[in-house]
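All remarks here apply to the structure that follows.
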There are 4 protein chains.
Amino acid sequence: MRVGVLTGGGDCPGLNAVIRAIVRKGVQEYGYDFTGFRDGWRGPLENATVRLDIPAVRGILPRGGTILGSSRTNPLKVTDGIRRIKRTLAELEVEALITIGGEDTLGVAARLSDEHGVPCVGVPKTIDNDLSATDYTFGFDTAVGIATEAIDRLHTTAESHMRVLVVEVMGRHAGWIALHSGLAGGANVILIPEQRFDVEQVCAWVTSRFRASYAPIVVVAEGAMPRDGDMVLKDRSLDSFGHVRLSGVGEWLAKEIEKRTGNEARTTVLGHVQRGGTPSPFDRWLATRFGLHAIDCVRDRDFGRMVALRGTDIVRVPIADATSRLKTVDPALYEEVGVFFG
Amino acid sequence: MRVGVLTGGGDCPGLNAVIRAIVRKGVQEYGYDFTGFRDGWRGPLENATVRLDIPAVRGILPRGGTILGSSRTNPLKVTDGIRRIKRTLAELEVEALITIGGEDTLGVAARLSDEHGVPCVGVPKTIDNDLSATDYTFGFDTAVGIATEAIDRLHTTAESHMRVLVVEVMGRHAGWIALHSGLAGGANVILIPEQRFDVEQVCAWVTSRFRASYAPIVVVAEGAMPRDGDMVLKDRSLDSFGHVRLSGVGEWLAKEIEKRTGNEARTTVLGHVQRGGTPSPFDRWLATRFGLHAIDCVRDRDFGRMVALRGTDIVRVPIADATSRLKTVDPALYEEVGVFFG
Amino acid sequence: MRVGVLTGGGDCPGLNAVIRAIVRKGVQEYGYDFTGFRDGWRGPLENATVRLDIPAVRGILPRGGTILGSSRTNPLKVTDGIRRIKRTLAELEVEALITIGGEDTLGVAARLSDEHGVPCVGVPKTIDNDLSATDYTFGFDTAVGIATEAIDRLHTTAESHMRVLVVEVMGRHAGWIALHSGLAGGANVILIPEQRFDVEQVCAWVTSRFRASYAPIVVVAEGAMPRDGDMVLKDRSLDSFGHVRLSGVGEWLAKEIEKRTGNEARTTVLGHVQRGGTPSPFDRWLATRFGLHAIDCVRDRDFGRMVALRGTDIVRVPIADATSRLKTVDPALYEEVGVFFG
Amino acid sequence: MRVGVLTGGGDCPGLNAVIRAIVRKGVQEYGYDFTGFRDGWRGPLENATVRLDIPAVRGILPRGGTILGSSRTNPLKVTDGIRRIKRTLAELEVEALITIGGEDTLGVAARLSDEHGVPCVGVPKTIDNDLSATDYTFGFDTAVGIATEAIDRLHTTAESHMRVLVVEVMGRHAGWIALHSGLAGGANVILIPEQRFDVEQVCAWVTSRFRASYAPIVVVAEGAMPRDGDMVLKDRSLDSFGHVRLSGVGEWLAKEIEKRTGNEARTTVLGHVQRGGTPSPFDRWLATRFGLHAIDCVRDRDFGRMVALRGTDIVRVPIADATSRLKTVDPALYEEVGVFFG
């Protein structure tokens, strides 16, 4: 049997660990052959492939990024996309397709599998941890680690000077990275996209913190918005995919805090640093186990399914479950963490 | 209400994060006062206390170790131990006792609570991750991170020279650290206490690995033993607590490999490095949430209970559940990971 | 003898290591007493002091920031500043003053020492490494480490996607951090304040890099400016000290690259993260040796002098030597490194 | 012109950075061709080569180890060694040979160059920093960083328990790693090969430290020996190269301390972990500059010379200068650091 593998969407630490596990187990235990598709759905669309065998996956476990390349190409938006994919798979005699990706990539896999009879297995991937049906996605722990380390470093400046430090972290629609890194880093304010924030409340926390001890650290998810959204909305721009880009809530917030409290404020925007570098051991473990179970799905011809983490177990769920709704931060959890604000 | 807190057993990254969360929420939300007991059960036995309020827990979140100190003192083995503890609690007007510890510490807490009416709440702690009733314990992720980093580093030497590299990691009775760090670090052999190993099989893996690519890395838990146990048993010694200490399985194994395969072998023994330093973000998150829920148990007067992780939720279980049996590595999981051996 | 110690200017990893070394050697070997002055020159101006003895310096070696606090207060700009300082020193019977700081702080120390007979010893401190008379200043190696780690992480994204990644690092007047971290991180373009850059040349490098391999990484010092400076100058603002602040050369450059090359570009602004956290071993070594030699200057009553690094030796130079001119990047060195551009 | 490159001796972080700099500048600026020799002197002896061009050095800057492989093969001890090397160079039309290595490798290069007319350029390499004629060698800063991090971690255990922690670090003949990491890590005792230690003095320091604060950390170089050397000498063994191997001074010392002071002691043996992983930014900078200057020596036909660091400059010295005597720790420097013992 020949199995295809592709990675779609933004890069994420752990992608290579998944690929390695799939190939190692597939070749050694089941005797499969593999075809790597290049740059997400562009690969099967354009018959762009990469050699994928045991030598090809040697040494990639600790490496970030993806040896297959990635893109945001969506075959549902390409003329004749699905037919072209099916033709490529037929030509190459690929009998099963493992798709590693986030909401968009898996959404296509669900459609291909459920509606067009393409035998897909899904592996969930998002640095933002906002996919339903799985406790965690790989890449998230690494991103939280990077953001936490940055916050840790800022404490020494906060202790020595009287400056508010604002850290803008990833999270366009869900505040998981902000929440986990903010809590782990001992931030005094954490702002997430799930709940519009009140700038006056933020300033009150900042001011009370100054009184209690040293200067405060504010962690803000890039997708967080103030209650009076218009203040930020006028700075909006569109990114290359036509999505709205909220440019610089961190910088904007720092200026507001300076203006309203009279304290100096400085901003750190971590950006793509959060999705780079070697995956954390947790992410390597999770990604590897996802890979091992994904190839077992293929062996069982259990298509249309996605591997997922439940507690310490890897389970199988319908791919569509992961993409039907965004997993956002539960208000109760946000409130639990709120004891550390101010 | 006055609440006592103690930490028992070996130190573990995250202890301070638990203490901080208990105190922050206890003071701010419930208006409690706190008494810190020094050095585990020695504290209530000898009325040795530490001031424990919000200033005392400032800045301790990222610090390893425990501000309360720790010991392995067991009041059940001390003359009149339980009566002395009850007397101290009465004198200090401590109405609830949060005990943060492993099998031994929690075993005492279960007895005190169930048999002697001392209102205890437990927080599970072990670097080895071998406590039942919780998916993970804090400290484990940090230890795995340190061991994985060491394995990562050894790859470059393995690539450049023809030497077998043996890494001995913690895990006297359970192989979790070896399994997770070995998998995450791309080790070629992982040996755990749950399954006696066959030195000939290890040498076969070593030899085949040399043929396939560069020199192999062998991860061995300190409690792992060869099938023919006598080889190691003669090197046994007793540690200060009267427990059997298997001295140097890593060094022993390296010598066996040299002797049997003719390849040079080198050993790294990480030792206490694995339980030191700042906790990982995962451990800070888990420890903090354990602390927040432990003080909620006190508020609910839900004594004799321990907080535990299930998936992403913090739940409450009888303290005794955690200590009734050791959580060891499931043979099926060990086999799953075995695809990477050799 | 009683010795005063103060730290001035921006915080910098290693300050605490200097303080600890001064106190340990001063107390143990010479039997001195110490007075810590709070917040730089504000301390002697306002008689604001901190207890400074061996217990006070325990455990501070690996901690960033400064236990003495810091400020940018300049006594030369304060009415009656010098007289007030002399009065405080007289009242407290402080017979020697060790000043740890950068250009501004040391400039004051030179004046006090040379013109007003205040017995000062200087310790050079700047994260930017731009003080003359010393091979390196502590804090710089740590800052370079943090910036390099960020660049390392960006490579995986650059490999997986077609995006230009711009990293803005510290360095208002000197490009040392950009040069060292850019070289160590394998950046494709490095822009420093010492040489105005040509945006067209940057875009040419970006384009050629895309052709040769994966997406380029551009490191830009915050003080770097394009040849046609007006493009940036209109974004200038003043910071709280009345200095010109070039706001966002990184963000500006990313937009220019997008506009001119048609490639997407993303920016990371590390900000104060670079001056935080634990000092690197190199910086701890250097800072400790500076401290040991500074207290020897006091013992020798060798005032008006500053400790400095020459090769592997700690030497003494006139304080004024360090502040007479900025140590900028030599054009020949910049050209040497230029072989890696594009 | 065709230039040969080889790496000899133990692997060391920064080797790949040297190779990359040589090739990048050699190809881009001087139009040279390169031949990589495999496994040190084995390469030219056996005409074992590796392709070495710009694609071959892409991405290797941050990677430890050496893409050329290494060995301890000594052509002076091989029948007809020098004639075979000369023949290989002639056959391949290699007109210059850059040898990157330590005392042994450079010793051969000096002989080849000075006595046999082989045009060699040397690049000094040793993790131990014990080569004369250069302020530092690359790899050393990385090793110190790894050892320091381990010591940092042990402090938290030392603070929480009453145990002496012994860390054995690299350094067979010189104590540089022990001295720098011990100082940077805040160790309470540092033992180096240059000065035989008195176990009673060590125990006195241990005991006084226990009284003053928390448990002590003892850093011992693998080559350190007690005054009464016989105690250790009976444990000596020979390694595969026929050198004396002092097996386990750390373990031996821990047992002596336990026996003499009654305190529990634990040992960490870092081993090859210290020479693995990604080079520090300092080492990447130094290694890269060594490479850039080595290829300039070739261009200048300045053979028999070695690049070296003096302050912040790269200079050229006769290769023989580096190998004529070991650079050991100056007694005055050891005494300077001694203020922190006990």
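Below, chains carry the letters A, B, ... as their sequence lines are ordered, and counting in each starts from 1. What you are looking at is a predicted structure, and each value in this text was computed from that prediction instead of being measured.
Heavy-atom proximity under 4.5 angstrom to chain C picks out A:I146, A:E149, A:A150, A:R153, A:L154, A:T156, A:T157, A:E159 from residues 145-159 of chain A.
Under the rule for a salt bridge (Lys or Arg N to Asp or Glu O under 4.0 Å), the partners of C:R42 that lie at least two apart in sequence or sit in another chain are C:D39, C:E46. For A:R211, the salt bridge (Lys or Arg N to Asp or Glu O under 4.0 Å) test picks out no residue, with sequence neighbours left out. Taking the side chain to side chain contact (heavy atoms under 4.5 Å, CB included) definition, one finds that A:T49 meets it with A:T35, A:F37, A:N47, A:L92, sequence neighbours left out.
A:A143 approaches A:I127 most closely through the heavy-atom pair CB-CG1, 3.6 Å.
For chain A, the option among C:P13, C:S70, C:G69 with the highest count of heavy-atom pairs below 4.5 Å is C:S70. Interface check for chain A: of the options C:R63, C:H272, C:R275, the most heavy-atom pairs under 4.5 Å are formed by C:H272.
In this structure, CG in A:N74 is found 9.5 Å from CH2 in A:W41, a value given to the nearest 0.5 Å. Note that CE of A:M170 is 14.5 Å distant from CG of A:N129, once rounded to the nearest 0.5 Å.
In terms of modelled atom types and a separation under 3.5 Å, the side chain of C:R38 and the main chain of C:L68 share no donor-acceptor contact.
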